[in-house]
A.B. asks: 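One structure, as structure tokens, below. Some questions next.
Sequence positions, counted from 1, serve as the residue numbers for this chain.
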Amino acid sequence: MNATALAVLVYPLLSFLLLGLVWPLRQNGRLAGWISTLAAVASFLGSLRLLWKVLEGEGVGSATIPWLVADGKVIAELGIHVDGISASMLVVVTLVAACVQAYSLGYLADEPKADLGRYFTWHSLFIVAMGGLVLAPNLLQLFLAWELVGLCSYLLIGFYWRKPSAGRAAVKAFWVTKFADMGLLLGLIVLYATTGSFEWSTPVPAAWAVVVPALLFVGVMGKSAQVPLHIWLPDAMEGPTPVSALLHAATMVAAGVFLIVRAYPLFEAAPPLLLAMTWIGAVTALVAAVTAVVQDDIKKVLAYSTCSQLGFMIAALGSGQLMGGYFHLTTHAFFKALLFLGAGAAIHATHSNSIHQMGGLWRSTRFSAVLFIVGAAALAGIPGLAGFFSKDLILEELLHAGQYGPLAMLLLSAGLTAFYMTRVVAIAFFGPASEGAAHAHESPPSMLLPMTVLMVPAVLAGLAGPLFAGLWNQPYHFALTPVGGLATLAALSGIGLGVLRYGTRSWASPLPEGPRRFILSAPIDSFWLAAWQRGLQPVARGIGWVDRYVVDGLMNAVGWLFLLAGEKVRALQTGRAQDYVLGVLMGVLAVVAYGLVGAA
């Protein structure tokens with residue numbers, strides 16, 4: 001088992017080293033792409049074998065080596081830890097990565113060879129980093145892989161380095177997540193100071209039982225884009241669409257959720273934090289869903305949708321149950337990756353991100369349109385598809401936990417999710433024919449095949465609930481319940497309103513003037529205008545105020561404080577050697593004094 005787990009990491013590591021060190025290979029973009037893609041496929045096959053071993057009952061596998069040693073005591077270790085949680089997550093990561101890399105061979109075929117080689121080099125490094133995070137035997141190794149994943153995100157968001165907007169988006173993502181990671185780092189420091197360990201389930205003294213997981217959760221809020229630290233994710237769409245599918249929909253942003261699952265004993269010991277997580281997740285789900293309703297960039301719709309669905313996961317974990325949040329992480333990875341790749345196919349066909357420039361794509365790109373619609377239906381929670389099972393389980397968990405406020409917010413978010421995805425489908429695929437769609441063509445097989453592969457788990461993964469429950473040692477029983485019925489009603493209502501608002505206008509346009517057109521168009525527009533003015537518009541204004549004055553104000557205040565501190569500290573850099581010698585001497589004396597006091 002351990003050898004198989006190591007092989008999963010070794011394949012992409014060899015690809016990264018080969019492409020990073022052998023210049024001619026990296027400069028030959030197409031060859032670099034094939035090397036990286038084959039390594040990703042091999043890693044996926046190894047992950048499947050690893051999962052099979054776990055299902056066969058080989059138990060838990062661990063292999064570590066000492067890393068930090070002081071006075072004969074091992075402070076930290078490096079290695080791997082294999083169980084049901086890590087094995088299943090590894091399959092998700094490597095399957096999506098392999099599909100995305102194969103898709104990239106077609107999507108980025110026209111990029112300069114050197115840029116393409118660089119792209120696939122970073123992709124291989126990302127798989128290594130994410131695999132190291134998933135298999136980490138302790139929190140310290142997870143933190144190292146966590147930061148390496150962040151570096152890969154920065155490099156890939158800024159892939160189009162000639163575009164100033166891409167550079168700004170990469171820097172914004174880097175600094176927002178690094179700001180949050182300071183909380184994670186402080187949490188690790190306090191954890192070790194109070195327990196002498198970095199283990200997942202180390203009991204923390206009661207005085208620090210809330211502080212440690214709360215600091216860890218700050219890092220989660222940055223990586224998994226929770227309000228107010230969600231502001232970087234929509235801008236991250238400046239990177240190539242396959243990057244958005246891999247990092248910012250299916251895997252990297254889910255790392256925060258995975259951290260909570262893996263270190264859940266720490267969080268479970270802090271009920272006040274769990275309550276806060278439930279509300280933060282619910283607020284994130286609703287705020288992001290409302291924002292997605294008015295986006296015209298197809299990738300930004302999906303970006304805000306990702307924020308919203310991550311909110312569902314965090315709220316579920318805050319309710320005190322692992323199964324719903326982690327199950328939704330798994331199913332969401334498949335259908336959201338499919339949606340991003342489907343959006344990439346539409347962008348590839350029309351050379352535009354605007355859904356209004358994609359109108360009529362159904363006529364020319366029917367196969368990729370069907371794949372996108374399947375992903376949208378899974379996200380909306382249509383009964384029988386993957387999102388239906390995992391989303392309903394989250395709502396059930398909140399109901400049983402008595403969290404009625406967050407439950408109501410998530411039900412509203414579920415309806416909005418179905419509405420904004422119907423809006424995208426109606427405008428982009430069935431709307432009036434646009435100039436871009438008039439010259440559109442179907443995607444090549446290198447793009448369609450990975451999308452087809454992802455469609456299978458997007459449809460069927462929800463049926464694997466009992467399997468995942470056994471892997472994660474969690475209770476699971478799916479049943480048709482009133483709250484599940486409300487969720488389905490919310491989804492169908494969202495779809496119905498979306499069709500009435502955005503579908504009938506284009507479908508009714510060939511009709512002659514008369515009562516039928518009036519029935520289909522005028523009352524719907526009047527209803528929507530009234531709903532917007534009396535309901536959604538005040539909410540949107542409130543969210544805009546919070547974003548402008550609270551979120552941006554907080555970020556500006558932090559920047560101002562650092563600038564002020566820099567002004568004060570700058571005076572210490574005199575440029576005179578004698579001042580630096582004096583500083584070193586004072587430091588030595590302080591260390592000696594500390595040692596003497598300790599000895600006394």
Side-chain angles (χ1 to χ4, degrees), residues 157 165-166 168-169 172-173 225-228 230-241 243-245 248-249 253 283-312 332 335-347 350-359 361 372-373 375-376 379-380 412-431 434 436 494-495 497-499 501-503 505-506 528 531-532 535-537 539-548 551-552:
I157 292 172
S165 57
R168 288 193 297 269
K172 182 177 182 179
Q226 299 297 289
V227 170
H230 68 294
I231 54 176
W232 66 272
L233 186 55
D235 293 293
M237 299 302 105
E238 289 288 341
T241 303
V243 170
S244 303
H248 308 128
V253 291
V283 168
T284 300
L286 183 57
V287 168
V290 170
T291 310
V293 169
V294 296
Q295 299 299 312
D296 293 327
D297 184 319
I298 190 170
K299 288 177 64 177
K300 288 198 174 182
V301 174
L302 298 179
Y304 281 110
S305 173
T306 298
C307 290
S308 183
Q309 297 306 306
L310 289 167
F312 272 83
H332 174 264
F335 57 71
K336 186 53 67 65
L338 172 60
L339 282 169
F340 265 105
L341 297 187
I347 295 169
T350 61
H351 305 289
S352 173
N353 285 26
S354 172
I355 57 176
H356 299 289
Q357 297 298 319
M358 299 175 180
L361 271 180
F372 185 92
I373 292 170
L379 173 60
L412 179 56
S413 302
L416 288 171
T417 300
F419 176 78
Y420 65 67
M421 289 311 302
T422 303
R423 172 178 177 264
V424 170
V425 170
I427 294 175
F429 296 101
F430 298 104
S434 64
I495 293 172
L497 284 174
V499 170
R501 175 64 183 90
Y502 297 102
R505 174 169 297 180
S506 59
W528 180 252
W532 170 255
L536 291 179
Q537 192 175 44
V539 173
R541 284 177 177 169
I543 292 172
W545 186 91
V546 171
D547 188 58
R548 186 177 301 111
V551 178
D552 287 352

A.B. asks: Go through the structure and list residues passing ring pair (Phe, Tyr, Trp, His ring centres under 6.0 Å) with F340, not counting sequence neighbours.
C.D. replies: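 Ring pair (Phe, Tyr, Trp, His ring centres under 6.0 Å) check on F340 returns nothing, list empty.
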A.B. asks: Indicate yes or no: at least one non-hydrogen side-chain atom of T422 is less than 4.5 angstrom from one of Y502.
C.D. replies: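 Contact flag for T422/Y502 side chains = no.
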A.B. asks: With sequence neighbours left out, write down each residue that passes side chain to side chain donor-acceptor pair (under 3.5 Å) with T284, or none if nothing qualifies.
C.D. replies: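 Residues passing side chain to side chain donor-acceptor pair (under 3.5 Å) with T284: Q226.
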A.B. asks: For the CG atom of L302 and the CE atom of M237, what is their distance to the nearest 0.5 Å?
C.D. replies: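 Reported value, rounded in 0.5 Å steps: 8.5 Å.
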A.B. asks: Applying side chain to side chain donor-acceptor pair (under 3.5 Å), name anything that partners Y420, two or more places apart in sequence or on another chain.
C.D. replies: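 Scan of Y420 (side chain to side chain donor-acceptor pair (under 3.5 Å), adjacent residues dropped) gives S305.
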A.B. asks: Apply side-chain contact (heavy atoms from CB on, under 4.5 Å) to A285 and list each qualifying residue two or more places apart in sequence or on a separate chain.
C.D. replies: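 Expected list: S308, F312, L410, S413.
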A.B. asks: Determine whether L339 and M421 make a side-chain contact, defined as any pair of heavy atoms from C-beta on separated by less than 4.5 Å.
C.D. replies: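 They are in side-chain contact.
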A.B. asks: Could you tell me which residues satisfy side-chain contact (heavy atoms from CB on, under 4.5 Å) with A345, sequence neighbours excluded, listed by chain and number?
C.D. replies: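 Per chain and number, A345 pairs via side-chain contact (heavy atoms from CB on, under 4.5 Å) with Y103, S368, S443, M447, M451.
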A.B. asks: Measuring from T306:OG1 to L233:CG, what's the distance to the nearest 0.5 Å?
C.D. replies: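 T306 OG1 to L233 CG: 6.0 Å, rounded to 0.5 Å.
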A.B. asks: For the atom pair CG (L361) and CD1 (I355), what is the distance rounded to the nearest 0.5 Å?
C.D. replies: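 It is 11.5 Å, given to the nearest 0.5 Å.
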A.B. asks: Using the test side-chain contact (heavy atoms from CB on, under 4.5 Å), find all partners of I373 that sit at least two apart in sequence or belong to another chain.
C.D. replies: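 side-chain contact (heavy atoms from CB on, under 4.5 Å) list for I373, sorted by chain: W362, V425, F430.
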A.B. asks: For S244, give me all partners under side chain to side chain donor-acceptor pair (under 3.5 Å), at least two apart in sequence or on another chain.
C.D. replies: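 If we apply the side chain to side chain donor-acceptor pair (under 3.5 Å) test to S244, skipping adjacent residues, there are no hits.
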A.B. asks: If you measure from NZ on K336 to CG on L379, what distance do you get to the nearest 0.5 Å?
C.D. replies: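 Taking NZ in K336 and CG in L379, the distance rounds to 5.0 Å.
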A.B. asks: Using the ring pair (Phe, Tyr, Trp, His ring centres under 6.0 Å) criterion, which residues pair with Y304? Sequence neighbours excluded.
C.D. replies: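 Applying ring pair (Phe, Tyr, Trp, His ring centres under 6.0 Å) to Y304 gives none.
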A.B. asks: What residues form a side chain to side chain donor-acceptor pair (under 3.5 Å) with K300, not counting sequence neighbours?
C.D. replies: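 Once residues adjacent in sequence are excluded, K300 has no partner under the side chain to side chain donor-acceptor pair (under 3.5 Å) criterion.
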A.B. asks: Any heavy-atom pair between the side chains of M358 and T350 that's under 4.5 Å?
C.D. replies: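 Yes, their side chains come closer than 4.5 Å.
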A.B. asks: If you define the side chain from C-beta out and look only at heavy atoms, does anything of H230 sit under 4.5 Å from L310?
C.D. replies: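 No; the side chains remain at least 4.5 Å from each other.
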A.B. asks: Is it the case that the side chains of E238 and S165 hold a donor-acceptor pair, with the cut-off being a distance below 3.5 Å and no angle test?
C.D. replies: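 Yes, E238 and S165 have a side-chain donor paired with an acceptor closer than 3.5 Å.
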A.B. asks: Does any part of the side chain of K172, heavy atoms only, come nearer than 4.5 Å to the side chain of I157, both counted from C-beta?
C.D. replies: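 No, every pair of side-chain atoms sits at 4.5 Å or beyond.
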A.B. asks: According to salt bridge (charged side-chain N to carboxylate O under 4.0 Å, His left out), who are the partners of D296, at least two apart in sequence or on a separate chain?
C.D. replies: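 Only R423 meet the salt bridge (charged side-chain N to carboxylate O under 4.0 Å, His left out) criterion with D296.
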